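Since the structure comes first, as C-alpha cells, the remarks are kept for the end.
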Amino acid sequence: MQNGSSEAGPTAEQPRGAEDQLGGARDRLRRAVDAVVPADGTPAASAVGVVEFLTSTALRDHGWADRVAVVLDRLDAAADHLAGASFAALSDEQQAEVLDDLGGPDLPGGGGGDEEVRWFLTTVNAAYYADPASGGNHDPAAWAALGWTPQPPEGWPAVEVPPPDRRAVIGREQLQTRYDVVVVGSGAGGGVAAAELTAAGRTVLVVERGDYPDTDYLAADHLRNARTDIGLDHRTLLPSAANPRTLEIGGRTSTVSSWDPRWGSNAYTVGGGTRVYGAQAWRFVPEDFRMASTYGVPEGSALADWPIGYADLEPYYSRAEWEIGVSGSTDGDSALAPRSRPFPMPPLGRTAPARRLAAGAAQLGLSTLAVPLAINSTPYGGRAACARCRQCVGFACPVEAKNGSHNTTLVRAADTGRLSLLLGTRAQRITTDERGRVTGVVLVAEVDGHRWRAEVAAGDVVVSAGAVESARLLLSSTSASEPTGLGNGRDQVGRHLQGHLYGGALGVFDEPVNDYRGPGPSIATNDHRHHNTGEDGTALVGGGMLAEEFVPTPVGTFLYLSQVGLLSRHGLAAKEGMRRLMPRMQRVVGPVQEVTSADSRVRLDPQVTDALGLPVARLSGGLHREDHRTQAYLGERAAEWLRASGAETVVVQGRRGDQLGPSSGQHQAGSCRMGSDPAHSVTDPYGRVWGHDNLRVVDGSLHVTNGGVNPVLTIYANAYRVLDAWLNAGR
Ligand SMILES: Cc1cc2nc3c(=O)[nH]c(=O)nc-3n(C[C@H](O)[C@H](O)[C@H](O)COP(=O)(O)OP(=O)(O)OC[C@H]3O[C@@H](n4cnc5c(N)ncnc54)[C@H](O)[C@@H]3O)c2cc1C
Ligand code: SF4
C-alpha cells in the first residue's frame with residue numbers, strides 16, 4: 001500500500017471585518033438598498049436583512065464590501081452632481097433619477113449606465129428575493145408578498161425519505177493498496193460503472209472530489225445553486241478561490257472563477273450533476289448519431305458520425321430508463337424511434353401553463369409530448385413519487401423522488417459490499433508502467449490545511465470526471481512514452497468540447513397562468529429536432545427540442561425579467577412588476593445541437609495552477625456560426641408557440657456573446673470522443689482509450705455530438721453499453 005503523505009498547503013487570507021471595509025457606511029448602505037427596494041405595503045430591503053447580507057456574505061465569500069463601497073461613492077458623486085447633496089439626502093424622486101441614470105435604461109435595448117451600479121441593483125434584488133433560511137434575507141415577507149413558498153401546493157407528503165446512503169464511504173486510513181478498478185468521479189457515467197463492476201464481482205474504489213452533503217444543504221439556497229449566477233460559489237461547486245480555470249479568446253487569456261458562467265461548471269458532489277439536475281431524460285434520435293452523413297461537414301467544423309447508431313444504443317436506453325427510473329410517454333412524439341420497452345412510469349401530470357401551451361400547439365399544428373423525466377411519477381425504486389414542489393432544478397430533492405447516481409447506481413454498488421467511496425479527493429494523474437500499461441491512480445487532497453497524497457494500484461481505471469476534468473486528467477497523466485498525456489499521441493484529448501447553446505423565448509400573459517407545479521417541464525415538442533429550414537430559406541444543421549421551462553425561484557424570475565428589459569431593477573415599479581409578472585411569465589426553451597469543432601477544447605494552462613499547485617484547465621474556441629442560426633430559429637419557434645398560446649408580450653432570447661468562449665457547462669461533452677479512427681478520436685467505440693486496453697472513459701466526454709436534447713440519458717445508456725461490452729464481451 002502506498003500511504004498518504006502530507007506537506008504544508010496554502011492558507012486562505014483572512015478577510016477584514018465588515019465595518020473596516022465599509023468605513024462605518026452601514027447607514028449609507030441602508031438608504032441605498034431601500035431606494036432599490038423601497039417599502040410599500042411590504043417591507044423595504046433593509047427590513048428583511050439585505051444590509052446584513054451585503055456586509056456579511058460579501059466579506060466572507062467574495063470581497064464584495066469593496067464593490068459596495070465603490071457603488072456608494074458613485075451614488076454620492078452622482079447625487080452631488082444632481083443636487084449638491086449625498087445620495088441619502090436626496091428625495092425619493094431624485095434617488096430614482098440617479099439609479100435610472102447609473103443603473104442604465106430599463107427598457108429592451110438598454111445599455112449604458114454604470115456596470116458596478118447595475119451589479120448592485122441586481123444583487124440587492126437577489127438578496128431581497130432569496131430564501132430566508134440561507135442568508136439572502138432573514139424575513140420571508142418578500143416571498144409572502146409574491147405568494148411564493150418552496151412547498152408543494154398540497155404541502156409535503158408524509159412519506160419515508162431514505163437518508164443519503166453513505167455505507168460505502170471510507171476514511172483515508174481505510175484506503176487499500178489495490179482495487180480491481182478505480183473509477184474517477186461518481187456522476188452519471190461513474191455511477192453506472194460502479195454498479196456494473198461491483199455486480200460483476202470486482203472491488204471498486206470510486207474517487208470523488210466533491211463531498212456527500214445532506215439533502216437539506218442542497219435543497220435550500222436560492223443564491224448559491226447551479227441555476228443562479230450572481231457571483232457566489234454554488235453549494236455544489238469547487239470553491240472559486242482554489243479552483244480557477246482560464247479562458248483563451250482571440251489570443252488573450254483570462255483567469256475565470258468557478259462561479260463565472262464561462263468557467264463551465266456542472267456539479268461537484270456525490271452523484272455529480274445528477275444530484276441536483278432537472279432530470280430531463282431524453283433519448284437521442286437516429287439522425288443524432290449520423291450528423292455528418294445527414295448534413296455534411298460544415299466548413300470550420302469537425303462534425304462526425306458516432307461509431308454506433310441508435311439501434312446499438314436502444315437496448316441500453318431501455319435499461320437506463322428502468323434502472324434509473326424515468327417517467328414519460330411516447331404519445332405525440334413526432335421523432336419517435338423504435339423502442340424495446342415502454343417507460344417504467346407514466347408522465348407527471350401537466351402544469352397550468354402546459355395546458356395553455358397545448359392549446360397553442362394545436363393551433364400551430366405542432367405535435368406535443370410529455371417531457372421524459374428521471375423523476376418518479378409513482379413510487380419507484382423504494383422511493384416516493386414527486387411532490388410537485390416549487391424548486392427542483394439546481395436543488396436536491398427533499399423526498400428523493402429525483403433519480404440520480406446517488407440514490408440508484410451507487411446504492412446498488414454499495415449493496416454488494418465491494419464499493420469504496422473516497423470523498424473530497426481528486427485523481428491527480430493516472431500512472432503507467434514502463435511498457436505504458438495503466439497501473440493505477442495518484443490521489444491528492446487538502447486535509448486540514450495540509451496536502452495529502454496517495455497512490456493506488458488498479459487492474460483497470462475508469463475515467464468519468466465530466467468532460468472538462470476528464471480531459472484535464474488524461475492530459476495531466478504524462479509519461480516518457482506519452483509526454484503530452486495519456487491517449488493524446490494524436491492531439492485529440494480535450495478537443496471537440498461542446499455543450500448546449502439554448503434557444504427560446506419568454507412570454508408574459510395578460511392573466512396569471514402559473515400554478516408553480518414542479519418540476520415545471522411537462523410539455524415539449526420534438527417537431528424541430530431535425531430537417532429545419534432557417535429564416536433565410538436554407539437548411540439548418542440539426543435543431544433541437546423545445547419545452548416548457550422549469551419553475552423558476554423568485555430570484556430566477558427577477559433575473560429573467562430584468563435581463564430581457566421587462567422589469568425595472570429598482571423602485572416601486574420593480575416591486576409591483578415582480579408581483580404582477582411572476583404569475584404571468586412562462587419561458588419555452590430548448591438545447592441547440594451544436595456543430596462541434598476541433599478548436600473548442602480543453603488544454604492544460606502552462607502558467608496558472610490551482611490551490612494544489614496543479615495546472616488548471618484552459619478552455620478555448622467558441623461556437624460555430626450554424627449554432628447561432630439554429631439558436632435564432634428555435635427562439636422564433638418558441639416565440640411563435642408562446643404567442644399562439646396567448647402570451648401578449650414575447651421576447652426572444654438573445655444571441656450568446658462570442659466572448660463567452662466554448663459551450664461546456666452543465667451539458668459538457670465531447671472532449672474524449674469515441675470513434676473508429678484513432679487519428680480523430682480518443683477512444684475506440686467501446687470507450688477504451690486508444691493504446692490502453694485497461695483504461696476506459698464512460699462519461700459525457702465520449703459523445704461525438706451532443707444531440708438537440710439534454711444529454712444525461714445518453715450518458716447513462718452509453719455507460720451501460722461500454723460496461724456490457726467490457727464485462728460480457730471482453731471488449
Ligand atoms: C443544475 C443542473 C441541471 C441539469 N439538468 C439536466 C437535465 O435536466 N437533463 C440532463 O440530461 N442533464 C442535466 N444536467 C446535466 C447532467 O447532470 C450531466 O449531463 C451529467 O451529470 C454528466 O455526467 P458525467 O458522468 O459526464 O459527469 P458528472 O455527472 O459531471 O460527474 C463527474 C464527477 O466527477 C467528479 N470529479 C471531477 N474531477 C475529478 C477528479 N479529478 N477526481 C475525482 N473526481 C472528480 C465531479 O466532482 C463529479 O461528481 C444538469 C446539470 C445541472 C448541474
Ligand atoms: S422531484 Fe423535483 S419537483 Fe418533485 S418533489 Fe423532488 S425536487 Fe420537488
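Predicted model, so just to flag it, every value in this text is computed and none were measured. Atoms within each ligand, like the ligands themselves, are counted from 1 in listed order. Below, all heavy atoms of this structure are taken into account, side chains as well, without hydrogens, waters or symmetry copies. Along the sequence shown, residues are numbered consecutively beginning with 1.
- Between F289 and Y317, the angle of the ring planes goes over 60°, which puts this pair in the perpendicular group of the 30/60° scheme.
- For ligand 1, the atoms sitting less than 4.0 Å from at least one non-hydrogen atom of V276 are 1 (C), numbered in the order shown with element in parentheses.
- Polar contact with ligand 1: absent for L713 (N/O pair, distance under 3.5 Å).
- Residue D610 forms a salt bridge (Lys or Arg N to Asp or Glu O under 4.0 Å) with just one option from R451, R245, R472, and that option is R472.
- Centroid-to-centroid, the aromatic rings of W263 and H234 stay 6.0 Å apart or farther.
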Discussion item. As a quick check of understanding, evaluate side-chain contact (heavy atoms from CB on, under 4.5 Å) for Y560 and V555, giving each step before the final call.
Written reply: CA-CA 9 Å; Y560 286 144; V555 180; over 6 Å; no
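- Counting only N and O atoms by type, the side chains of S240 and D233 include a donor and acceptor under 3.5 Å apart.
- The aromatic rings of F284 and H703 sit perpendicular to each other, their planes meeting at more than 60°, with 30° as the lower class boundary.
- For the pair R166 and Y212, the cation-pi test (distance below 6.0 Å, angle within 45°) is passed.
- Summarising the geometry, atom CD belonging to E548 is positioned 7.5 Å from atom CD1 belonging to I523; distances are rounded to the nearest 0.5 Å.
- Taking 4.0 Å as the cut-off, T425 counts as a neighbour of ligand 1 on heavy-atom distance.
- If you check the side chains of R209 and Y268, you find no donor sitting under 3.5 Å from an acceptor.
- The shortest side-chain heavy-atom distance between L348 and C386 falls under the 4.5 Å cut-off.
- Of the protein's heavy atoms, A188 CB, 3.4 Å lies nearest to atom 23 (O) of ligand 1.
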Discussion item. Between E196 and R319, does the salt bridge (charged side-chain N to carboxylate O under 4.0 Å, His left out) criterion hold? Intermediate values first, please.
Written reply: CA-CA 12 Å; E196 296 300 281; R319 175 116 196 260; 3.1 Å; yes
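- Taking only non-hydrogen atoms, the option from A427, S464, G272, G185 nearest to atom 32 (C) of ligand 1 is S464.
- By the 3.5 Å distance cut-off applied to N or O atoms, F550 is not counted among the residues near ligand 1.
- For the pair R209 and ligand 1, the shortest N or O to N or O distance falls below 3.5 Å.
- Of the heavy atoms in N710, both backbone and side-chain atoms come closer than 4.0 Å to ligand 1.
- Within the 4.0 Å heavy-atom criterion, the part of H667 lying near ligand 1 is the side chain and not the backbone.
- The nearest protein atom to atom 24 (P) of ligand 1, hydrogens excluded, is given as D699 CB, 3.7 Å; this is a heavy-atom distance.
- Checked by distance only, ligand 1 and V712 come closer than 3.5 Å through their nitrogen or oxygen atoms.
- Nearest protein heavy-atom contact of atom 22 (C) of ligand 1 is I715 CD1, 3.6 Å.
- Looking at atom 31 (O) of ligand 1, its nearest protein heavy atom turns out to be G187 CA, 3.3 Å.
- The nearest heavy-atom contact from the protein to atom 43 (C) of ligand 1 is V207 O, 3.3 Å.
- Residue G273 has at least one nitrogen or oxygen atom sitting less than 3.5 Å from a nitrogen or oxygen atom of ligand 1, judged on distance alone.
- Annotation: A226 places no N or O atom under 3.5 Å from an N or O atom of ligand 1; distance criterion only.
- Contacts with ligand 1 closer than 4.0 Å are made by heavy atoms of both the backbone and the side chain of Q280.
- Distances between N or O atoms of E208 and those of ligand 1 include at least one value under 3.5 Å.
- At a 4.0 Å heavy-atom cut-off, ligand 1 touches A279 through the backbone alone.
- The salt bridge (Lys or Arg N to Asp or Glu O under 4.0 Å) test with R235 is passed by exactly one of D211, D214, D221: D221.
- Residue contact check for ligand 1: L473 places no non-hydrogen atom closer than 4.0 Å to it.
- Here the heavy atom of the protein found nearest to atom 26 (O) of ligand 1 is G700 N, 3.0 Å.
- The side-chain heavy atoms of D605 and P615, taken from C-beta on, include no pair separated by under 4.5 Å.
- Taking a cut-off of 2.8 Å, the protein N, O or S atoms nearer than that to atom 8 (Fe) of ligand 2 are C389 SG.
- Neither side chain, S257 nor D260, offers a donor N or O lying under 3.5 Å from an acceptor on the other.
- Protein heavy atom nearest atom 50 (C) of ligand 1, with residue, atom name and distance: Y277 CB, 3.4 Å.
- The nearest protein atom to atom 15 (C) of ligand 1, hydrogens excluded, is given as Q666 O, 3.0 Å; this is a heavy-atom distance.
- Checked against the 6.0 Å centroid criterion, the rings of H667 and Y277 do not qualify as a close aromatic pair.
- For ligand 1, one of its N or O atoms has an N or O atom of N266 under 3.5 Å away.
- In terms of polar-atom proximity, A467 is not counted as a contact of ligand 1, lacking any N or O under 3.5 Å from an N or O of the ligand.
- Within the 4.5 Å cutoff, no side-chain heavy atoms of R688 are placed close to those of M674.
- Between the side chains of H496 and E594, no donor-acceptor pair is found at a separation under 3.5 Å.
- Heavy atoms of T269 found under 4.0 angstrom from ligand 1 belong exclusively to the backbone.
- Residue A465 touches ligand 1 through backbone and side chain together, judged by heavy-atom distances below 4.0 Å.
- Some N or O of G189 is nearer than 3.5 Å to an N or O of ligand 1, by distance alone.
- W143 is not listed as a side-chain neighbour of T149, based on a closest heavy-atom distance of 4.5 Å or more.
- Counting only heavy atoms from C-beta outward, the side chains of E400 and T215 approach each other to under 4.5 Å.
- If you number the atoms of ligand 2 from 1 as listed, the ones under 4.0 Å from a heavy atom of I375 come out as 1 (S).
- Listed by atom number, the atoms of ligand 1 under 4.0 Å from E469 heavy atoms are 37 (C), 38 (N).
- Side chains of R283 and Y310: a donor on one and an acceptor on the other come within 3.5 Å.
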